[in-house]
Amino acid sequence: MKQLGVCVVGLGFVGGQAHAPSVNKIKNAKLVAVCDMNDKLASKFSEKYGCKKYLSVKDALRDPEIEAAIIAVPTPFHFDVAMSFIKAKKHVLLEMPLGVSLAQSKKIVAAARKAKVTLMPSLNFRFAPIYQEVKRMIEKDKVLGKGPAAIHYREYISANLLAAQWPPTSWAWDKKRSGGPLFTLSVWSIDLFRWLLNADLKQLHAVAENHKLPKYGGTHGYMGYAVMEFTNGTIVSGQYSGGVCKNQTLVQMELIGENTNILTAVDTHTIKLNSDEVHETVKKIEVSGPKVWGHYQEVEHFVDCVLKGKQPRITPEDGLIATEAGEKIARMYRQL
Ligand SMILES: NC(=O)c1ccc[n+]([C@@H]2O[C@H](COP(=O)([O-])OP(=O)(O)OC[C@H]3O[C@@H](n4cnc5c(N)ncnc54)[C@H](O)[C@@H]3O)[C@@H](O)[C@H]2O)c1
């Protein structure tokens, strides 16, 4: 069986915890190398997976065994790193947002088109089993009648988790360098709404506030709200709140059907359906590891498409649309 030679670039939160273990398990992929400027991390993962390690992109580019790169470096470095791999004719699965701005993201997309390599944005929510099941229940079981009239989505990240992942000096807080946290975090849900509704974003309005969290080493808290209308008429409110009390990290999506039913996806493992007839039906989603948020499935799809010369289901344009919407929300973020 032909295996695609893959290098995971950036071994932090998502590269190290989700992408590298996924590539390692996918049959038609071979984790040829890992790359991170942090030698400790690069050594740890190259030992764990028995693959080569590179401390710089320049060295990784010279490796002919690397046919594709999964790029999970901080957003401010996406442009340089992605452009280098694309110019070297390597296929790229690029973390989101694609670049730090829409203009920069468009350049990455144009370069991939010119080089005739596959560029797939990492919009993993579409592959998460819980959202796949929500989509199936709406489209096949018609649990919301003609569909959702409204969606309320909220993403709560607890302050202790935020401080551990993004200390005050992190790239994520610097609006000039990275677009700020609301840009970084809103792109996946916006893409999720487009995919669930088979519709495009018609209008979006956002407000946000920021504050410091002295109890958590001065890391930043934020509360961002976006109200959206989609071309099919569904209205969506998205609430992105970073800095809630301990253990209250929660992603929840409530979909209100035009038939009065309410479908709720609670985090990653529980779906509830409320109706006039049955107060509540609860469905559990059995999944674990990097499949929970769809990372494994998206890498599997990327690898399969590259090997078969097919266009992935998630296109560079999907990445640009989510990036543009994320930019509108992020405009409201005030630099602390
Ligand atoms: N899809 C998802 O679920 C998801 C979740 C979180 C973050 N993200 C995105 O993934 C990207 C990375 O976020 P993170 O939270 O994992 O970041 P992180 O800060 O935890 O890790 C980034 C890693 O990249 C390394 N690095 C930085 N510059 C490099 C370079 N030039 N060459 C090689 N290595 C380099 C760092 O040493 C670090 O280990 C961001 O774009 C973010 O928006 C995606």
Side-chain angles (χ1 to χ4, degrees), residues 75 96-110 121-126 128 131 134-135 137-139 143-157 172 175-176 178-210 222-242 250-265 313-335:
T75 316
M96 284 289 292
L98 292 175
V100 293
S101 64
L102 180 64
Q104 202 185 63
S105 306
K106 281 183 175 169
K107 287 184 188 160
I108 299 173
V109 171
S122 173
L123 288 164
N124 50 290
F125 278 20
R126 290 196 195 196
Y131 298 136
V134 164
K135 190 168 167 72
M137 288 172 82
I138 297 172
E139 291 180 359
V143 296
L144 298 178
K146 286 186 191 142
I151 298 178
H152 178 59
Y153 174 89
R154 63 185 171 110
E155 222 174 79
Y156 281 6
I157 303 182
K175 190 177 172 179
K176 264 207 186 120
S178 71
L182 291 175
F183 181 56
T184 306
L185 290 168
S186 58
V187 288
W188 289 278
S189 54
I190 288 158
D191 180 70
L192 175 69
F193 309 140
R194 286 185 62 231
W195 172 72
L196 276 178
L197 298 170
N198 299 308
D200 254 311
L201 191 56
K202 194 169 160 192
Q203 56 169 326
L204 181 155
H205 305 277
V207 285
E209 72 77 58
N210 314 94
Y222 58 86
M223 302 288 151
Y225 291 71
V227 182
M228 298 161 242
E229 183 191 8
F230 283 78
T231 48
N232 67 339
T234 304
I235 54 168
V236 178
S237 63
Q239 180 187 353
Y240 307 90
S241 296
L250 174 80
V251 180
Q252 182 160 303
M253 179 167 60
E254 279 178 49
L255 304 102
I256 306 172
E258 55 80 51
N259 63 354
T260 74
N261 288 356
I262 298 182
L263 187 64
T264 310
R313 284 203 297 278
I314 299 180
T315 65
E317 285 66 35
D318 290 322
L320 290 178
I321 291 169
T323 301
E324 185 176 20
E327 208 174 55
K328 279 187 191 158
I329 297 178
R331 237 172 253 147
M332 302 307 296
Y333 180 77
R334 299 181 296 266
Q335 186 64 56

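If you read the sequence from its start, that first residue is 1, and numbering goes on from there. Side chains included, hydrogens not; waters and symmetry mates left out as well; all remaining heavy atoms used.
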How many angstroms lie between [atom1] in [X] and [atom2] in [Y], if you round to the nearest 0.5 Å?
X: Asn259; Y: Lys146; atom1: CG; atom2: NZ; value: 10.5 Å
X: Leu192; Y: Ile151; atom1: CG; atom2: CD1; value: 7.5 Å
X: Glu229; Y: Gln203; atom1: CD; atom2: CD; value: 5.0 Å
X: Tyr153; Y: Ser237; atom1: OH; atom2: OG; value: 11.5 Å

Please give me the minimum heavy-atom distance between [X] and [Y], naming the atom from each residue.
X: Val100; Y: Phe183; result: O-CE2, 3.6 Å
X: Ser105; Y: Gly99; result: OG-N, 3.0 Å
X: Pro121; Y: Met96; result: CB-SD, 3.7 Å
X: Val109; Y: Pro316; result: CG1-CB, 3.7 Å
X: Ala322; Y: Ile190; result: CA-CG2, 4.5 Å
X: Ala208; Y: Leu182; result: CB-CD1, 3.5 Å

Would a distance-only check, ignoring hydrogens and angles, find a side-chain to backbone donor-acceptor pair under 3.5 Å from [X] to [Y]?
X: Lys202; Y: Asn232; result: no
X: Thr231; Y: Ala199; result: no
X: Lys328; Y: Leu204; result: no
X: Ser178; Y: Thr75; result: no
X: Lys135; Y: Arg126; result: no

Taking the side chain as C-beta and beyond, is there a heavy-atom pair between [X] and [Y] under 4.5 Å?
X: Tyr156; Y: Gln252; value: no
X: Trp188; Y: Leu123; value: yes
X: Leu98; Y: Leu320; value: yes
X: Thr234; Y: Leu196; value: no
X: Gln239; Y: His152; value: yes

Among Val134, Ile262, Leu255, Leu263, find the residue that satisfies the side chain to side chain contact (heavy atoms under 4.5 Å, CB included) test when tested with Val143.
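When side chain to side chain contact (heavy atoms under 4.5 Å, CB included) is applied between Val143 and each of Val134, Ile262, Leu255, Leu263, only Leu263 qualifies.
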Test item: side-chain donor near acceptor, Tyr240 and Glu155, under 3.5 Å
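Looking only at side-chain atoms, Glu155 and Tyr240 do not form any donor-acceptor pair under 3.5 Å.
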Give a yes or no on this: more than 12 heavy atoms of other residues, nucleotides or ligands lie within 6.0 Å of atom CD1 of Ile235.
no
Between Phe230 and Phe193, what is the ring plane arrangement, given parallel below 30°, perpendicular above 60°, and tilted in between?
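Rings of Phe230 and Phe193: perpendicular, over 60°.
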Residue set satisfying ring-ring contact (aromatic ring centres under 6.0 Å, His included) with Tyr131, at least two apart, ordered chain then number -> Phe125
Thinking salt bridges, do Arg194 and Asp318 make one under a 4.0 Å N-O criterion?
yes
